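Right, one structure below, let's go through it.
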Amino acid sequence: MTILLHQNLERAAQALPEQTAFVCGRDRLTWRQLDEQSTAFAVALQHAGVTPGDHVAICADLSLPAVIAIYGCLKAGAVYVPVDHSSSDQRLCALIEECDATVLVITALSLNTRHTLETHAPSLRLVVSGENQPEQRSRLEVVCFSGFLAASGRDPFVRPATTPRQPAYVIFTSGSTGRPKGIVHTHQSAGQYAELTATAYRLSSADMVAGVCPLHFDMSTFALFASVHAAARTVLIPAPVLRFPASFALQLEQHRVSVLYCVPYLLIQLLERGVLDQRLLDSLRWIVFAGETFPLRSLQDLRSRLCHVAFSNAYGPAETNVCCVRHFVPWQECAEPDRSEIPIGRPWGDGLCRVVDADDVVVEPGEAGELLVSSGTVMSHYLGHSADDQPTFCFCPATGRRFYRTGDVVRQNADGELVFVGRQDRQVKVRGHRVELDAVENAMTRFPGVLEASVSCVPADGSQQLHAVYTSVDRQALDAPLQRWLQSELPRWAVPSVIQRVPTFARTTSGKIDHRRQGQQMAAELTTHNKKES
Amino acid sequence: MIDQSSFSRTEATRQILQFLHEELLNGSGPVTLQADTDLLASGTVDSLGVMRLVAFLEAAFAVTIAHEDVTMENFLNASAIAALICERQEGAL
């Protein structure tokens, strides 16, 4: 049964009105408070002229007002568009214009941002700011969050006739390779993801879910929708805390977090600098990681350290929500045999996965190919494009099912599970040989002492060279032994010509390694180096 | 390296502010960076910045900062960091 995302909230508010729903720092909201305040927000949006289908940009750190605003948007039939709150005013304006947002909800509005919005975001009519704003005569109406909520007074809420197929939110890609694309998810695709997630990790009202992913990152929907689906409590841990692994670990203990969903980077930080031996994390029962490949040895280290915790690898581009899952039982029940890779698992729910070659023909088991996904959790369309847009989607002639082209290369292992091989756009040619950069990184992180790795293909001497950087435990220099190890593990053309230790990597705002920026840095360093040489 | 005998919390605060301003903000950040400016809320220090800052403190003040001391409370502002440095230096003497 498909229902609307905010109906999950209304159901929880009826069942457990006085139980805590969301916690952030010292503040908390019960289910009743969240339900009432999000309704007040919806009424206020309606008063402001927002009609179903309108886009509302939300530029905020993880916070209780952001959750109220998100559910308020959904109740009003509006589509929320999360924007990274650390992004530039230019990007903020570009995204607002891309989706014609009429309302912006923002944690704090600086004078500069206000001026830029007035001139560069003509679609915008209203800004709801977390802080009080000085009176100013301008085109743009600016109100504070609490005033906006209070202004709706006791006006009745007129429920719009929203259907599950209507858009609920738009998440923009980073646009690192061109114009950002808006991924449109509906109440149905997000709702089905929430339901599958709640079932897979057996979420219940006894759980405390940690919400650590920023709102503009698709992984944030775990804490926003899956935990609400199960009426589980959620503690929001905003970005500043995550910069201090020891403080992050302490919050996990103090809030008695039971389920944690995040990128591998945060888990590696917890393992390295979180002082886990001083923490009592007995409530923690499940860690789900996603977003990028977890270096195998760090995962094994963390599993043996938190041996009572189940782990899962959730895989799926933001366009699909999650489409494959691989579960690992707690270490104490079964120490996994040594393996060289972490499978992304099998499709979940009604999902279908196909591994195809360049002609869209299904490959033999064991062979690598592009992964196509058909599932109810797949996005409806890219903003401004149709739901049968080619080459984003393709259709199976036999069944008529729509498949999303992930651009990810995978293969099936002997157990029938899928294994991530690499991104199609991270496949390079070195001296005529095809190399998967992801596979080289995977080999590097298997070497003892290496934490994470990033490999780039850099133009050099009229051809292409592989350059690798890595981070290591206690900042040990491992260049030479690592090189020897790679020579034994990889074909010779896949062994990087340059291997260098770095203190840390360039990262995206969601915590993934920014391989593109890392590669640019390496190319730039090489140019400088060559200039010095000559 | 700083001469231990002439070391004081005020001096430490000054040097930390200077590092934050020149190294982490490349001299381009808010000019109003004070000893009590909230470094976390203002976004002055990101996760990369935390690691660089710790490396600077260890080198400049000849102290060892354990992982458990790298917390939000200890790194809230320049004067909190200076207090942590003084405490660690006294502990070492």
Side-chain angles (χ1 to χ4, degrees), chain A residues 25 61 63 84-88 107-108 110-112 130-131 212 214 237-251 253-254 263 265-266 268-279 451 471 473-475 502-514 517-518 521, chain B residues 16 19-60 62-85 87-88 91:
Chain A
D61 202 351
S63 61
D84 176 15
H85 74 298
S86 67
S87 57
S88 67
T107 311
S110 73
L111 271 180
N112 275 341
E131 292 172 355
V212 299
I237 308 182
V241 183
L242 303 176
R243 287 174 209 144
F244 298 92
S247 299
F248 178 28
L250 191 63
Q251 291 223 359
E253 177 185 279
Q254 286 172 341
V263 290
Y265 173 61
L266 280 182
I268 296 172
Q269 292 291 303
L270 269 185
L271 182 66
E272 291 295 307
R273 304 194 287 139
V275 206
L276 290 179
D277 50 348
Q278 293 182 19
R279 299 277 74 86
L451 283 174
T471 55
V473 180
D474 298 329
R475 303 181 202 159
V502 289
T504 179
F505 290 118
R507 291 200 178 266
T508 66
T509 52
S510 46
K512 302 182 198 178
I513 297 176
D514 193 336
R517 242 167 73 213
Q518 198 67 50
Q521 279 175 19
Chain B
I16 291 162
F19 172 82
L20 289 172
H21 196 73
E22 289 174 7
E23 296 296 323
L24 287 193
L25 300 171
N26 293 321
S28 66
V31 276
T32 51
L33 204 58
Q34 305 282 335
D36 61 352
T37 303
D38 186 330
L39 300 174
L40 310 175
S42 64
T44 305
V45 181
D46 60 10
S47 51
L48 212 157
V50 173
M51 291 162 92
R52 286 177 60 191
L53 183 55
V54 170
F56 160 77
L57 297 171
E58 291 191 333
V63 289
T64 307
I65 300 175
H67 293 322
E68 62 216 71
D69 287 332
V70 186
T71 60
M72 286 180 77
E73 294 74 21
N74 287 340
F75 283 74
L76 183 64
N77 53 39
S79 86
I81 302 171
L84 171 72
I85 296 297
E87 207 177 292
R88 288 295 160 268

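Below, chain A is the first sequence line, B the second, and so on; all start at residue 1. Quantities reported herein were computed from a predicted structural model and do not represent experimental measurements.
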Task: Contacting moiety of A:P238, where chain B heavy atoms sit under 4.5 Å - done: neither
TODO: To the nearest 0.5 Å, tell me how far A:R243 CZ sits from B:L39 CG.
DONE: 10.0 Å
Task: Contacting moiety of A:F248, where chain B heavy atoms sit under 4.5 Å - done: neither
Open item on the list: Which atoms of B:V50 are under 4.5 Å from chain A, going by heavy atoms: the side chain, the backbone, both sets, or neither?
Closed with: side chain
- [ ] Taking heavy atoms only and a threshold strictly under 4.5 Å, list by residue number the residues of residues 72-80 of chain B that touch chain A; give 'none' if the list is empty.
- [x] B:M72, B:E73, B:F75
Task: Sequence-distant partners of A:Q269, side chain to side chain donor-acceptor pair (under 3.5 Å), two or more places apart - done: A:R273
- [ ] Find the distance between CD (B:E68) and CG (A:D277) and round it off to the nearest 0.5 Å.
- [x] 8.0 Å
Task: Contact class of A:E272 relative to chain B, heavy atoms under 4.5 angstrom - done: backbone
- [ ] Would you name the heavy atoms of A:A246 and B:V70 that are closest together and state the gap between them?
- [x] CB-O, 3.9 Å
Open item on the list: Quick check: closest heavy atoms across B:L40 and A:P240, and the distance to 0.1 Å?
Closed with: CB-CB, 4.0 Å
